[in-house]
Amino acid sequence: MILAHRDEAPSRQAVDKLHLVDPTLALGVVPATRDEHTAPTVVASVQTLSRRTRLARLVPDFQTIVIDEAHHAPAPRTGVSWSIAGPGV
């Protein structure tokens, strides 16, 4: 999971960079307007996952979570998203 602080540009940038590294990567995007939550690698925004209905659609088994702009991680809205981590993460 790549967790972007904002919806539009950071999510798009993450997708573009991941496809530069591996063009065949199965990648889902979960910003406000899309819901590709079943892909093995997901790019999502904090704003979207702060909505409990959107967060509930994700399967909580991500082995790695990369946080874009990690200095925002202590923010209260981000705390909602930590339930996406699988056991032991």
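Please read these numbers as outputs of a predicted model, since none were measured by experiment.
- Nearest heavy atoms, Met1 versus Leu49: SD-CD1, 4.1 Å.
- No side-chain heavy atom of Asp16 sits under 4.5 Å from any side-chain heavy atom of His19.
- Nearest approach of Ala39 to Gly28, heavy atoms of both residues: CB-N, 3.2 Å.
- In this structure, Glu36 and Val42 approach most closely via the heavy-atom pair O-CG2, 4.1 Å.
- The shortest side-chain heavy-atom distance between Thr53 and Leu55 does not fall under the 4.5 Å cut-off.
- When every heavy atom of Arg57 is checked against every heavy atom of His37, the shortest pair comes out as O-CD2, 3.0 Å.
- Partner of Thr41 under the side chain to side chain contact (heavy atoms under 4.5 Å, CB included) criterion, chosen from Leu27, Thr64, Val66: Leu27.
- Within the 4.5 Å cutoff, the side chain of Val29 has heavy atoms near those of the Val15 side chain.
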> Would Val43 and Leu18 count as a side chain to side chain contact (heavy atoms under 4.5 Å, CB included) if you check the C-alpha gap in whole Å, the side-chain angles of each, and the deciding distance to 0.1 Å?
Replying inline: CA-CA 10 Å; Val43 176; Leu18 287 166; 4.1 Å; yes
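- Applying the side-chain hydrogen bond (donor to acceptor under 3.5 Å, both in side chains) criterion to Thr24, with sequence neighbours excluded, gives Asp22.
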